[in-house]
Number of protein chains: 2
Amino acid sequence: MTELSTMKDGVANQAEASDRVLQILAEAGRLFASKGFEGTSMRDIALACGISKSLLYHHFSNKDEIYARVAVGSTLELYLFVRDRIPDGPPSQKIRAFMVATAEYFRRYRWAWIASTTAFWNDPDRQRHKERLTRRDRFENFLRGLIQEAIDAGEIRKVDVPMTGRLILSSLNWMHRWYNPNKSATPEQIAEIFFDMIFNGLRSGELVELPATEPPKAGRRKSR
Amino acid sequence: MTELSTMKDGVANQAEASDRVLQILAEAGRLFASKGFEGTSMRDIALACGISKSLLYHHFSNKDEIYARVAVGSTLELYLFVRDRIPDGPPSQKIRAFMVATAEYFRRYRWAWIASTTAFWNDPDRQRHKERLTRRDRFENFLRGLIQEAIDAGEIRKVDVPMTGRLILSSLNWMHRWYNPNKSATPEQIAEIFFDMIFNGLRSGELVELPATEPPKAGRRKSR
DNA sequence: GTTTTCACCGACCGATCGGTCAAGCCCGGC
DNA sequence: GCCGGGCTTGACCGATCGGTCGGTGAAAAC
């Protein structure tokens with residue numbers, strides 16, 4: 001049993017929070033995601049929740065705290081969420097699982113994810129999201145470890161590890177800009193497609209298996 | 001001679017604009033990029049330019065127009081900029097040139113690029129950036145054409161074209177979130193690295209060209 | 001020399017911002 | 001009955017928002 005059991009209603013890691021607080025966080029996340037932090041007023045949030053503005057200040061001390069609960073809450077357990085979904089097996093499959101798990105997290109906590117990755121991310125005046133950034137670092141370092149592992153195992157070639165991590169995370173982080181939940185595939189399926197493209201490359205031609213390597217999941221790519 | 005000759009001072013396509021207007025656009029772009037649209041006040045812009053707020057309204061009718069000049073101006077000629085840098089040759093090399101040219105554009109007009117790709121991008125209330133989006137579509141469709149060309153030529157395998165375009169653009173569009181001009185490589189060099197990873201794949205192993213008899217290729221998913 | 005043009009400014013406007021506060025409402029325990 | 005304490009409210013605050021106003025001063029046009 002992990003801290004993840006406290007996740008609820010699209011709002012991650014908000015243990016022992018009342019329904020009203022969860023409602024506020026959900027609505028605030030949705031508004032922050034669509035209009036940004038500065039573009040969302042406390043009146044907007046109150047209106048969306050059908051409550052008075054004063055009530056927001058009963059449950060939260062100020063606007064920054066609401067954002068912090070949305071954004072930090074959404075990244076707080078991303079690392080744990082993903083880590084717990086990495087199976088034993090070939091390192092390349094761990095990278096694949098990393099991508100799929102991140103996509104699942106994105107799907108489940110989409111508004112909070114968008115709010116935390118877009119709103120005033122580089123405002124030099126504010127340090128509100130510093131903690132969020134350090135958690136992001138832990139998440140990214142975890143991926144780099146997996147990549148290094150795959151290199152050491154000879155499964156992938158000797159690429160630049162930080163740059164490879166950036167490529168993989170770019171494909172996932174940019175997804176919220178074009179992903180439409182009503183169309184296309186699920187985020188997890190998209191992550192699989194991206195893994196296939198990045199791992200196997202776009203180039204045509206047959207790959208000759210190296211002795212120890214395991215091809216990706218059956219049915220995805222013709223092999224042997 | 002193309003429209004690109006009017007680019008100047010990091011502000012794209014602002015023909016016959018006075019120095020003061022260019023200064024305002026440059027400062028506004030920098031502020032929009034770091035604090036967002038709503039987070040940047042007209043007073044901020046005036047202060048950064050060392051002029052009065054009234055003067056902004058002498059040169060522009062309102063705040064939206066300043067943003068439009070920054071954002072639309074920065075995407076206005078992106079398509080032409082990139083298109084003019086695609087050489088004749090193998091389609092895969094055109095894709096590579098596409099990525100490098102986009103990276104060069106990013107480097108040259110970085111603040112306007114960031115401002116146009118981050119500020120209130122999905123505010124449902126506003127249609128300010130509609131024109132920008134249609135221009136983006138033209139840009140993305142151009143890339144999809146290059147990918148289809150490479151598939152038809154047999155240079156890359158039969159991947160999902162829109163999804164491949166999204167992967168490539170993700171790697172470029174997310175760059176502004178981690179790129180540090182004082183460290184690391186130039187954007188163009190980064191684009192080359194990403195092209196190599198995506199085109200050749202991360203997987204270790206030898207590529208062997210098939211003879212002319214091409215087996216029904218798998219390794220892809222539903223198309224369109 | 002007079003008029004027109006134009007870049008530019010300080011003062012000001014109504015609206016809205018984040019945030020405060022005293023007071024009501026509701027409901028279980030006495 | 002009635003009391004206490006969370007939940008909830010509307011009225012209100014100073015500050016700041018985007019935007020407007022009348023005007024200045026100097027150069028250009030006549």
Side-chain angles (χ1 to χ4, degrees), chain A residues 9 11 14-71 115 119-120 123-129, chain B residues 9 11 14-71 115 119-120 123-129:
Chain A
D9 284 344
V11 180
Q14 302 296 346
E16 73 263 356
S18 69
D19 286 348
R20 175 110 300 164
V21 167
L22 291 178
Q23 179 198 14
I24 293 171
L25 290 175
E27 292 292 344
R30 206 173 46 78
L31 287 167
F32 286 150
S34 68
K35 311 207 299 177
F37 179 81
E38 309 283 354
T40 301
S41 73
M42 294 296 271
R43 287 166 180 83
D44 291 338
I45 299 173
L47 185 66
C49 296
I51 60 177
S52 73
K53 187 163 64 78
S54 309
L55 188 52
L56 296 177
Y57 288 95
H58 175 71
H59 291 293
F60 302 90
S61 61
N62 54 40
K63 188 179 175 184
D64 280 8
E65 189 192 335
I66 297 181
Y67 176 83
R69 286 285 290 277
V70 170
F120 66 80
D123 186 339
D125 300 339
R126 319 233 185 191
Q127 294 299 319
R128 278 180 282 211
H129 53 327
Chain B
D9 286 342
V11 181
Q14 302 295 346
E16 74 260 358
S18 69
D19 287 347
R20 173 109 304 158
V21 168
L22 291 177
Q23 180 200 11
I24 293 171
L25 291 174
E27 293 292 344
R30 204 171 48 77
L31 288 168
F32 287 150
S34 67
K35 311 208 298 177
F37 179 81
E38 309 282 355
T40 301
S41 72
M42 294 296 270
R43 287 168 180 80
D44 291 338
I45 299 172
L47 185 66
C49 295
I51 60 176
S52 72
K53 188 162 64 76
S54 307
L55 188 54
L56 295 178
Y57 289 93
H58 176 72
H59 291 293
F60 301 90
S61 61
N62 53 41
K63 189 180 176 184
D64 280 9
E65 189 191 335
I66 297 182
Y67 175 82
R69 287 284 291 274
V70 169
F120 65 81
D123 185 340
D125 300 340
R126 321 235 184 188
Q127 295 298 321
R128 277 180 281 212
H129 53 330

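This one's a predicted model, so the numbers in the text were calculated from it and none came from an experiment. Below, read A as the first sequence line, B as the second, and so on, with proteins coming before strands; counting in each chain starts at 1.
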Quickly work out the [X] [atom1] to [N] [atom2] distance and round it to whole Å.
X: A:L56; N: C:dC17; atom1: CG; atom2: C1'; result: 14 Å
X: A:Y67; N: C:dC17; atom1: OH; atom2: P; result: 20 Å
X: B:I45; N: D:dT16; atom1: CD1; atom2: C1'; result: 15 Å
X: B:I24; N: C:dA7; atom1: CD1; atom2: P; result: 11 Å

Residues A:L25, A:F60; criterion side-chain contact (heavy atoms from CB on, under 4.5 Å); working and verdict: CA-CA 10 Å; A:L25 290 175; A:F60 302 90; 3.9 Å; yes

With sequence neighbours excluded, residues passing side-chain hydrogen bond (donor to acceptor under 3.5 Å, both in side chains) with B:N62: none

Per B:H59 side chain, nearest of listed nucleotides C:dA7, D:dT8, C:dC9: C:dA7

Presence of B:H58 side-chain N/O under 4.0 Å of C:dC8 phosphate oxygens OP1/OP2: no

Verdict with supporting geometry, B:K35 and B:D44, side-chain contact (heavy atoms from CB on, under 4.5 Å): CA-CA 10 Å; B:K35 311 208 298 177; B:D44 291 338; 3.3 Å; yes

Side chain to side chain contact (heavy atoms under 4.5 Å, CB included) against A:L55, all qualifying residues, sequence neighbours excluded: A:R20, A:I51, A:S52, A:H58, A:H59

Chi angles and distances behind the side-chain contact (heavy atoms from CB on, under 4.5 Å) call for B:Y67, B:T40: CA-CA 11 Å; B:Y67 175 82; B:T40 301; over 6 Å; no

Rounded distance (nearest 0.5 Å) linking atom CD of B:E27 with atom SG of B:C49: 5.0 Å

Using a cutoff of under 3.5 Å, can you pull out all pairs of nitrogen or oxygen atoms linking the protein to nucleotides 18-25 of chain D, with atom names and distances?
unit_1	atom_1	unit_2	atom_2	d
D:dG18	OP1	B:T40	O	3.4
D:dG18	OP1	B:K63	NZ	2.7
D:dG18	OP2	B:M42	N	2.9
D:dG18	N7	B:R43	NH1	3.1
D:dG18	O6	B:R43	NH2	3.0
D:dG19	OP2	B:Y57	OH	3.1
D:dG19	OP2	B:K63	N	2.9
D:dG19	N7	B:K53	NZ	2.4
D:dG19	O6	B:K53	NZ	2.2

